[in-house]
Every structure is written in C-alpha cells, then in structure tokens.
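All ligand and atom numbering here is 1-based and tracks the order in the structure. As a basis for the values below, the full set of heavy atoms in this structure was taken, side chains included, without hydrogen atoms, waters or symmetry mates.
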Amino acid sequence: MSAYFWFEGISFHAMVHKREIIEESRDKFVIRDEDTVILSYPKSGTNWLIETVCLIQTKGNPKWIQSVPVWQRSPWIETKKGFPILINKEGPRLMSSHLPFHLFPKSFFRSKAKVALLMGIFILCHALHISNWSFQTSSRSSPRVPCGSWFEHTRNWLSMRENDNFLLISYEDMKKNTRVTIEKICDFLGKKLEPDELDLVLKYSSFQAMKEIKMSNFSLNPEDVLTNGLVHMRKGTTGDWKNHFTVAQAEAFDKVFQEKMAGFPPGLFPWK
Ligand code: A3P
C-alpha cells in the first residue's frame with residue numbers, strides 16, 4: 001500500500017487517513033452548535049492548544065489529561081481513529097482538525113460551533129518556528145507536506161477570522177503571552193476561571209509538564225506515521241529558524257510570504 005493518497009489535491013498519510021472518511025466527514029458529518037473545534041496546520045502547536053482547552057474545561061484539574069490520550073480527548077475529525085469516536089459521542093464535543101477549508105465538514109458552515117484557529121508558521125519559514133521543517137526533513141517516508149500548502153490552508157481559514165464563533169490564536173502569542181492567551185480562550189469558550197485555576201492550567205500545559213505526560217507526548221502512539229521515530233515535542237520555542245536558515249534563505253522566504261499572503265492587514269502575523 002502506498003504511504004500516501006491524494007484527495008482533491010491534498011495528500012494524506014494512508015496509515016492515519018482513509019479516503020472514505022475524508023469524504024464522509026466532509027459530506028455527512030454533522031458538527032453541532034455546542035461543539036468546539038481546534039483547527040490548525042500540522043505542527044502549529046495543536047497539542048498544546050488541546051491540552052490548554054482540556055484543562056480549561058476541568059478548571060485546571062489534571063485528571064483528564066493524565067488519564068486519557070490526547071487523540072481521544074479531542075479526536076481528529078479526518079482520521080481513522082478519531083472519526084468513529086466523534087460520530088458515536090453524545091453531547092458537546094471537543095475535536096481537532098488539520099483539514100483545509102474545502103475538505104472541512106460542510107455542516108460546520110451552517111453551525112454556531114466554536115472554532116479556535118491556531119496559526120503558526122513552519123515549513124520553509126523564516127517565520128520563527130522551525131518545527132515542521134525539522135519534522136518533515138527528518139522523516140524519510142514524508143516526501144510531501146500533508147494537508148496541502150500552509151499558505152492555502154492559512155489564507156482560506158483566515159477568511160473566517162471576523163466571525164463571532166472564530167478565535168484566532170498564534171503559537172507565537174501563546175509562547176509570549178501564555179496567561180493572557182489562556183484568558184482569551186476562556187472568554188471565547190464562556191468559561192470563568194479563578195486565578196488559582198488559571199495557575200493550574202498554566203502549570204499542567206507547560207512544555208515540561210506535557211513532555212512528561214504519556215497521554216500528551218505521543219509516546220503511547222509509536223505506530224503513528226506522523227510521529228514514528230520522531231520527537232513530537234522537540235524544543236517548543238519560537239525563533240529556532242535562525243539556527244536553520246541562512247540570510248539568503250530567510251530573504252527568499254520573506255519574498256514568497258509577501259506574495260502569497262498579500263492583502264492581509266499588517267500585524268495579523270505576529271512573527272513579522
Ligand atoms: P517543536 O518541534 O518546535 O518542539 P503540533 O502539536 O501541532 O504537532 O505542534 C508541535 C509543536 O508544538 C512542537 O514544536 C512542540 O514542541 C510544540 N509544543 C507542544 N507542546 C508545547 C508546550 N506546552 N509549549 C510550547 N510548545 C509546545
């Protein structure tokens with residue numbers, strides 16, 4: 001079996017995804033008003049945001065994050081593992097997705113479900129976080145970028161950023177202003193946390209804490225092609241691109257970035 005398959009211009013890992021699920025989730029999966037979706041391009045800090053949202057839901061109590069793997073707490077809609085969990089789950093659901101706009105469940109666009117879009121910039125980027133670059137280049141079985149181009153993915157999803165049910169967060173802001181960002185997420189989700197509960201969210205969602213939790217660091221999931229042989233939580237810092245890009249590469253990237261992301265207001269991208 002080939003390691004990849006193509007679906008409407010996007011390549012997917014066959015080990016993690018299945019054509020029928022991508023199709024069914026787009027056409028038939030019903031996203032409900034009370035659902036919360038964490039949306040991101042791969043390697044944007046998705047698992048950090050999931051951990052944070054889970055801890056907000058439990059008001060800082062770590063029991064849930066310490067006993068249930070991240071992909072069961074917030075299943076990925078488009079995956080073989082996640083889809084069956086979601087369709088069988090009653091009540092408000094927390095779910096994740098890396099899907100591009102055009103493959104996302106159509107029902108979402110008629111719903112009031114809350115979406116937190118996490119934006120970070122990785123592949124080929126001078127933009128301050130080298131995560132995906134390292135991830136892709138160190139994976140021998142990974143000749144292509146899954147989930148399509150970062151530019152397309154981000155451009156299309158950003159078109160919804162003014163909607164009331166949409167919250168835009170960046171990895172860089174999460175790093176720089178973690179507490180403020182958590183408060184923003186609480187407001188968005190309508191959760192009121194006391195200062196000591198916020199302290200607990202911060203404590204248990206820290207890089208060090210997550211690295212040590214088996215339920216969060218993907219060490220329980222060695223067969224997953226996305227993590228196979230690779231360190232899921234590498235450095236967890238911004239600005240690491242400086243150690244990997246030459247000045248010429250950074251300039252070339254900057255030029256492409258300006259072209260591809262033209263039209264967005266200055267200040268939208270915190271790494272610029
Ligand atoms: P690095 O490879 O730079 O370490 P995703 O969850 O979307 O796959 O993103 C993975 C990136 O998020 C990794 O970046 C990982 O270290 C970082 N990350 C995960 N948890 C984090 C945390 N609590 N604080 C900061 N970065 C975190």
Q: Is the contact between Ser205 and ligand 1 made by the side chain, the backbone, both, or neither, using heavy atoms and a 4.0 Å cut-off?
A: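 Answer for Ser205: backbone.
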Q: What I'd like to find out is whether the side chain of Phe264 reaches to under 4.5 Å of the side chain of Arg155, using heavy atoms alone.
A: yes
Q: Could you work out, with side chain to side chain contact (heavy atoms under 4.5 Å, CB included) as the rule, every residue matching Ser107, not counting sequence neighbours?
A: Ile31, Pro105, Arg110
Q: Can you pull the salt bridge (charged side-chain N to carboxylate O under 4.0 Å, His left out) pairs that have at least one residue in residues 91-106, sequence neighbours excluded?
A: Asp27-Lys106, Asp35-Arg93
Q: Take the angle between the ring planes of His13 and Tyr4 and call it parallel below 30°, perpendicular above 60°, tilted in between.
A: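 Taking Tyr4 first and then His13, their aromatic rings sit tilted (interplane angle of 30° to 60°).
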Q: Show me which atoms of ligand 1 lie under 4.0 Å from any heavy atom of Ser206.
A: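 Numbered from 1, ligand 1 contributes 23 (N).
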Q: For Asn47, take its heavy atoms, then give the atoms of ligand 1 lying under 4.0 Å from any of them.
A: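 What qualifies from ligand 1 is 5 (P), 6 (O), 8 (O).
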Q: Taking N or O atoms only and a 3.5 Å limit, does Gly45 qualify as a polar contact for ligand 1?
A: yes
Q: Using distance alone, determine whether Ser44 and ligand 1 share an N or O pair under 3.5 Å.
A: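 By distance alone, the answer is yes.
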Q: Report the part of Lys43 (side chain from C-beta onward, or backbone N, CA, C, O) that has a heavy atom under 4.0 Å from ligand 1; answer both or neither where that applies.
A: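 For Lys43, backbone and side-chain atoms both sit under 4.0 Å from ligand 1.
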Q: Which bit of Ser40 is near ligand 1, meaning a heavy atom under 4.0 Å away: side chain, backbone, both or neither?
A: neither
Q: Hey, which atoms in ligand 1 end up nearer than 4.0 Å to a heavy atom of Met210?
A: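 Near Met210, meaning under 4.0 Å from one of its heavy atoms, ligand 1 has 20 (N), 23 (N).
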Q: Once you measure the plane-to-plane angle for His98 and Trp76, does it fall in the parallel (<30°), tilted (30-60°) or perpendicular (>60°) bin?
A: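 Plane angle between 30° and 60°, so tilted.
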Q: Roughly how far, to the nearest 0.5 Å, is the CE atom of Met174 from the CH2 atom of Trp48?
A: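 Answer for the CH2-CE pair, Trp48 versus Met174, is 4.5 Å.
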Q: Tyr171 near ligand 1, heavy-atom distance under 4.0 Å?
A: yes
Q: State, to 0.1 Å, how close Trp157 and Phe101 come at their nearest heavy-atom pair, and which atoms those are.
A: NE1-N, 3.4 Å
